[in-house]
Amino acid sequence: MTRRKTRPVRVRDVVIGGDAPITVQSMTNADTRDLAATNAQIQALAAAGCDIARVAVFDEKSARNVRDIVDQSPIPVVADIHFDYRLAIAAVENGIDKLRINPGNIGDAGRVKRVCDCLRAHRVPVRVGVNLGSAERDIEAEYGPTAEALVHSALRHIKVLEKNNISDIIISLKASDIAIMMEANRRIAAMCDYPLHMGVTEAGLPGIGEIKSAIGIGGLLLEGIGDTLRVSLTGDPVPEIAAGQRILTALGLKPGVNIISCPTCGRCRIDVRRIAEEVRAKTADIDTNIQVAVMGCVVNGPGEAKHADIGIAGGDGKGVLFTKDGQETLDMERAAARLIEGVRAIGAARKKRDSGE
Ligand code: SF4
């Protein structure tokens, strides 16, 4: 896939767009007025691999807390603000790394200008985020709840920003309807070069939310569209990070070990699940692309393993280990151990090659 060309936008030390890796974001759901709880949640998100965390800023106390939240956060922090231009200015003055606000909704031109002057003075980027539920009323009256309504609403906000000389813009067009979300992103992608933040909003509970997100976000990524993403799940935000990373790894957009394991059937001769989970646990730290096949029997095993970098297929009490150099039949436990050693050896060799040593 060829990635859509976008202008890079810097958010503290993380770049969104351009050639930068696709980042995974999330949003805290602790009360932002509770500093300790918000900070703990950001720490947990960062530990899970989150690149950028967003917090809701909805009153004076939460805006005041921005300074301590940003100071203590190991990752960039975004303030999510609706309507109130004073909270936007307070968040920026308190050091926020990025603002999510829709400038068309914050009042007259004077207020918009004050926010934009503040953004420029502090070199803070802004995300225009339109959800189908919050599309501009007159636009929705004309277009209905459609991709067009999302696109036209976003264009209106962007125009306001551009008129105020703001160019560090990221756009998100979200809907809980996957087809609408995808169509809106395709359309806006063809109209500008701002980076896109992607998500299926209100995707639901864990279990279904990841699937909807994988379809919507993953489908667009396959078309080369998208620079940063959030998987929205009801409940604890931390699992959103693993879900986002899995979407990227499955598409080969995040270096890591991609395990191809068969679903097993009556022919299965090894504990595929246990071995695949062991491989995943013991190779999670590898950040180079490696394909590993774990197959239950020698019917399909060799064929699949041929395309992988390394693989194993079950025989009676035995494991057949496949590498690029050939195959070897070993005692089951020995074969599983050798598989993991092999994956780690490939990882180390590729790392060395990539670093030019
Ligand atoms: Fe069944 Fe073998 Fe295919 Fe696994 S690889 S699903 S065990 S036929």
Side-chain angles (χ1 to χ4, degrees), residues 1 49 178 200 203-223 231 233 239-351:
M1 78 201 81
I178 302 168
V200 176
L205 291 163
I208 186 67
E210 299 92 330
I211 292 175
K212 290 185 190 173
S213 302
I215 297 168
I217 298 170
L220 288 167
L221 286 170
L222 274 174
E223 296 174 25
V231 173
L233 299 176
E240 294 182 358
I241 305 309
Q245 292 175 348
R246 282 181 186 147
I247 292 172
L248 294 176
T249 305
L251 295 170
L253 294 169
K254 181 184 189 312
V257 174
N258 192 8
I259 301 170
I260 299 154
S261 55
C262 82
T264 75
C265 71
R267 297 183 193 88
C268 187
R269 292 290 171 269
I270 56 174
D271 190 343
V272 171
R273 179 163 182 178
R274 183 179 65 77
I275 295 169
E277 280 178 349
E278 202 180 334
V279 172
R280 184 169 68 183
K282 293 188 174 164
T283 62
D285 58 309
I286 294 177
D287 57 359
T288 180
N289 276 326
I290 303 174
Q291 289 229 345
V292 185
V294 182
M295 308 296 288
C297 73
V298 288
V299 174
N300 286 338
E304 286 294 339
K306 210 165 56 197
H307 303 296
D309 294 299
I310 188 165
I312 193 173
D316 270 325
K318 303 270 180 200
V320 185
L321 187 72
F322 298 89
T323 63
K324 295 286 182 207
D325 300 326
Q327 67 183 70
E328 208 179 337
T329 303
L330 298 160
D331 169 70
M332 195 49 249
E333 288 311 313
R334 181 81 199 108
R338 285 274 300 279
L339 177 70
I340 290 163
E341 285 165 23
V343 177
R344 299 207 65 86
I346 294 169
R350 292 196 176 160
K351 195 97 193 154

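Indexing begins at 1, ligand by ligand and atom by atom, following the structure's order.
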Any idea which protein heavy atom is nearest atom 3 (Fe) of ligand 1, and the distance to it? Asn300 ND2, 3.2 Å
For atom 1 (Fe) of ligand 1, which protein heavy atom lies nearest, and how many Å away is it? Cys265 SG, 2.3 Å
Metal check, atom 1 (Fe) of ligand 1 vs Cys262 N/O/S, cut-off below 2.8 Å: no
Donor-acceptor contact below 3.5 Å, side chain Glu240 vs main chain Leu233: yes
Among Leu330, Leu339, Val272, whose side chain to side chain contact (heavy atoms under 4.5 Å, CB included) with Ile312 holds? Leu339
Expected output: side-chain Arg273 to main-chain Thr264 donor-acceptor under 3.5 Å: no
Which of the ligand 1 atoms, numbered from 1, are nearer than 4.0 Å to a heavy atom of Thr264: 4 (Fe), 6 (S)
Atom 2 (Fe) of ligand 1 and Cys297: any N/O/S contact shorter than 2.8 Å? yes
Atoms in ligand 1 flagged as close to Gly296, the criterion being non-hydrogen separation under 4.0 Å: 4 (Fe), 5 (S), 7 (S)
For Cys268, the ligand 1 atoms with a heavy-atom partner under 4.0 Å come out as 7 (S)
When you compare the side chain of Arg338 with that of Glu341, does any pair of heavy atoms fall below 4.5 Å? yes
Minimal non-hydrogen separation, Ala203 against Ser213, with atom names: CB-OG, 4.0 Å
Identify the heavy atoms of Ile310 and Val343 that sit nearest to each other, and give their distance. CG2-CG2, 3.7 Å
